[in-house]
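Note sheet for the following structure.
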Amino acid sequence: MAVEPMKKLNSQVNTITDLINNYDRTIFKVMFSTAFILYFCYIFCFTQPTGGSSENYSKSNSIVATTDLRHIVFGIASSVDSWKNRHPYIDLWWRPNQTRGVVFLDRAPTDNETWPDTSPPFQISGDTSKFKDYDHHAMPFAIRMIRVISETYNMNFTNVRWFVMADDDTVLFIENLVEVLQRYDHRKYYYIGGLSECVGQNWWHSFRMAFGGAGYAMSYPLVKDLSKMLDGCIMRYPYLYGSDHILQSCISELGGALTRLPGFHQFDLHGDISGFLSSHPPAPVLSFHHIDSLDPIFPNKTRDAALRHLMKVEKADHSRILQQTVCYNHNNNLSFSISWGYSIHVYEKLHAPGYLHMPIQTFQPWNGFGNPPFMFNVRPASDDPCEAPHVFYFKNVERTNTLDHITTNYIRNAARGLLSCANNSADSISQIVVFSPIQPFKLEEGKRECCTVTEKNSNVTEIEIRSCLDGEASEWSSISSS
């Protein structure tokens with residue numbers, strides 16, 4: 001009698017188990033189907049590029065087109081009076097119908113003042129009278145100058161990645177500038193510039209500030225956010241010296257910081273800067289400033305003509321301009337320091353590269369305070385025939401498509417006027433010919449180029465600049481150990 005109830009109970013348990021199993025399979029199928037649908041929704045709805053401008057990129061690791069000149073807008077601070085004498089500096093690098101930007105003036109030019117077609121278009125700066133109670137700056141027109149940033153942004157240029165700001169006496173080397181900006185992600189905050197060459201200037205203003213006369217670059221997102229708050233920020237800093245420091249303070253409020261590049265040259269120096277240019281730091285040259293406070297960079301030329309002379313070689317090979325290479329003539333115990341496209345120094349003694357990389361102090365600091373005065377090491381000018389170089393300056397350049405090299409010629413400007421060092425005279429050399437590769441120099445690889453000296457005859461020396469061989473050390477290592 002007890003067997004029948006047990007059979008019924010087992011049958012009911014089996015039925016319930018089958019229902020649970022079927023239910024679990026149904027739930028699993030529903031969950032799997034739902035997850036599958038959600039996955040494809042994510043793929044098609046959230047990882048596809050957004051529409052609109054070509055500058056809108058997805059958050060995935062998509063390849064961003066390389067930055068070029070059309071992605072940069074230049075804002076130039078000037079005045080009608082200063083533009084008359086300084087526009088040749090801007091015309092050196094401005095390319096009509098290629099470069100984009102504006103010169104901001106304090107007032108409209110008069111009817112008899114024609115605007116050159118070779119210059120950027122001009123715009124009249126906006127009214128700054130609302131800032132009257134906040135303008136206690138030592139720099140005249142500081143507020144008008146800093147508002148060049150927001151006024152340039154508000155002109156609604158399209159397809160912009162970078163804004164580059166400069167003064168009307170700033171000479172830019174735009175090919176190098178474009179290539180440097182290609183290294184940075186323009187979709188992030190970037191404030192890129194350089195410091196002063198003088199310790200005192202940086203101490204007095206800020207070591208965290210881009211000196212504006214040398215030019216500086218800001219990414220689009222930074223300028224966009226800066227423009228929204230700039231007028232209010234100006235009012236919070238009524239006693240800072242000038243526009244450069246106000247800008248750095250406002251960018252700090254946004255959480256930004258300076259990215260320093262040594263190729264921006266404020267040139268807070270006086271006099272002859274040939275010593276500096278002959279031992280340029282290993283960085284692309286990006287700008288010159290304070291041209292009117294310096295001697296012409298080439299002898300027997302005006303400032304404008306000297307810069308135009310330098311631009312000839314910049315057009316031939318912008319990647320090597322002012323890049324320093326050191327090599328030796330072992331037979332005659334001569335050291336050669338080449339600043340490509342500018343000068344060659346010949347020493348009647350074998351000097352270590354590190355010594356030759358230090359600029360000769362042919363210049364003076366901008367002001368009298370700061371000890372040491374400069375942000376870099378210098379060596380004093382000397383009348384010692386073993387320390388004083390024979391100086392040769394760039395004369396001309398030849399680049400043809402049929403050759404695999406670029407030829408630059410350098411000639412002696414004047415006799416050194418000293419006795420020889422250990423009867424080891426280089427007085428007979430009158431010309432130096434340099435052959436450099438036609439391929440651009442990749443400075444970002446972190447190593448200077450090597451070179452080989454050949455004495456063609458007693459008057460002419462030839463130098464071949466070349467890539468260093470694998471594992472090749474400076475010639476100095478073999479000289480000093482012999």
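Using modelled atom types, one finds no donor on one side chain facing an acceptor on the other under 3.5 Å when comparing Asp168 with His87. Looking only at atom types and distance, the side chain of Tyr190 has no donor-acceptor partner in the side chain of Asp185 under 3.5 Å away. Counting only N and O atoms by type, the side chains of Ser125 and Arg144 include a donor and acceptor under 3.5 Å apart. Side-chain N/O atoms of Trp340 and Ser436 include a donor and acceptor closer than 3.5 Å. A donor atom on one side chain and an acceptor atom on the other are found under 3.5 Å apart for Asp272 and Ser274. Residues Ser287 and Thr170 have side chains that never bring a donor and an acceptor to within less than 3.5 angstrom of each other. No hydrogens or angles considered: nothing links the side chains of Ser339 and Gln323 as a donor-acceptor pair under 3.5 Å. For the 3.5 Å distance criterion, the side chains of Thr67 and Arg161 qualify, holding a donor opposite an acceptor. There is a side-chain donor-acceptor pair under 3.5 Å between Ser129 and Asp127. There is no side-chain donor-acceptor pair under 3.5 Å between Asp106 and Ser79. Judged by distance alone, the side chains of His345 and His351 never bring a donor and an acceptor atom under 3.5 Å apart.
In terms of modelled atom types and a separation under 3.5 Å, the side chain of Arg399 and the main chain of Ala316 share a donor-acceptor contact. With hydrogens and angles disregarded, a donor-acceptor distance shorter than 3.5 Å links the side chain of His137 to the backbone of Leu240. Within the 3.5 Å criterion, the main-chain N or O of Asp68 finds a donor-acceptor partner in the side chain of His71. With hydrogens and angles disregarded, a donor-acceptor distance shorter than 3.5 Å links the side chain of Asn202 to the backbone of Ser196. Under a 3.5 Å cut-off, the side chain of Ser319 and the backbone N or O of Phe441 do form a donor-acceptor pair. Distance alone, capped at 3.5 Å, is enough to place a donor-acceptor pair between the Arg100 side chain and the Thr158 backbone. Between the side chain of Asp317 and the backbone N or O of Val313 there is no donor-acceptor pair closer than 3.5 Å. Distance alone, capped at 3.5 Å, places no donor-acceptor pair between the Gln266 side chain and the Leu195 backbone.
Both the sub-6.0 Å distance and the 45° axial angle are not jointly satisfied by Arg86 relative to the ring of Tyr89. Cation-pi geometry between Arg187 and Tyr220 is not satisfied (NZ or CZ under 6.0 Å from the ring centre, within 45° of the ring normal).
Pairing each heavy atom of Glu449 with each of Arg466, the nearest pair is CB-O, 3.4 Å. Considering every non-hydrogen atom in both Gln431 and Asn409, the closest pair reads NE2-OD1, 2.9 Å. The two residues Leu258 and Gly193 have their closest heavy-atom pair at CD1-N, 3.6 Å. Of all heavy-atom pairs between Cys451 and Ile465, the closest is CB-CA, 4.1 Å.
Applying the side chain to side chain donor-acceptor pair (under 3.5 Å) criterion to Glu253, with sequence neighbours excluded, gives Arg236, Tyr237. For Asn154, the side chain to side chain contact (heavy atoms under 4.5 Å, CB included) partners two or more places apart in sequence, or in a different chain, are Ser150. Ser119 meets the side chain to side chain donor-acceptor pair (under 3.5 Å) test with Asp91; sequence neighbours excluded.
The aromatic rings of Trp162 and Tyr184 lie perpendicular to each other, with more than 60° between the two planes, well past the 30° mark. Ring pair Tyr393/Phe298 is perpendicular by interplanar angle, where above 60° counts as perpendicular and below 30° as parallel. Under the 30°/60° scheme for interplanar angles, the aromatic rings of His405 and Phe435 are found to stand perpendicular. Aromatic ring pairs are classed by plane angle as parallel below 30°, tilted from 30° to 60° and perpendicular above 60°; the pair Phe276 and His280 is perpendicular.
Taking the six-membered ring wherever Trp is involved, the centroid distance between the rings of Phe267 and His289 does not fall below 6.0 Å.
Of the residues listed (Thr99, Val164, Leu286), the one engaging Ile174 in a side chain to side chain contact (heavy atoms under 4.5 Å, CB included) is Thr99, and it is the only one.
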Please assess Phe173 against Phe288 for the test ring pair (Phe, Tyr, Trp, His ring centres under 6.0 Å), listing each intermediate value before the final yes or no. CA-CA 9 Å; Phe173 296 80; Phe288 286 177; 5.2 Å; yes
Between Asp81 and Arg107, does the salt bridge (Lys or Arg N to Asp or Glu O under 4.0 Å) criterion hold? Intermediate values first, please. CA-CA 10 Å; Asp81 291 339; Arg107 57 180 174 83; 3.2 Å; yes
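Atom CZ of Phe141 is surrounded by 12 or fewer heavy atoms from other residues, nucleotides or ligands within 6.0 Å.
With respect to Arg147 and Asp231, a salt bridge is recorded, a charged nitrogen being found less than 4.0 Å from a carboxylate O.
Disulfide criterion (SG-SG under 2.5 Å) for Cys450 and Cys468: met.
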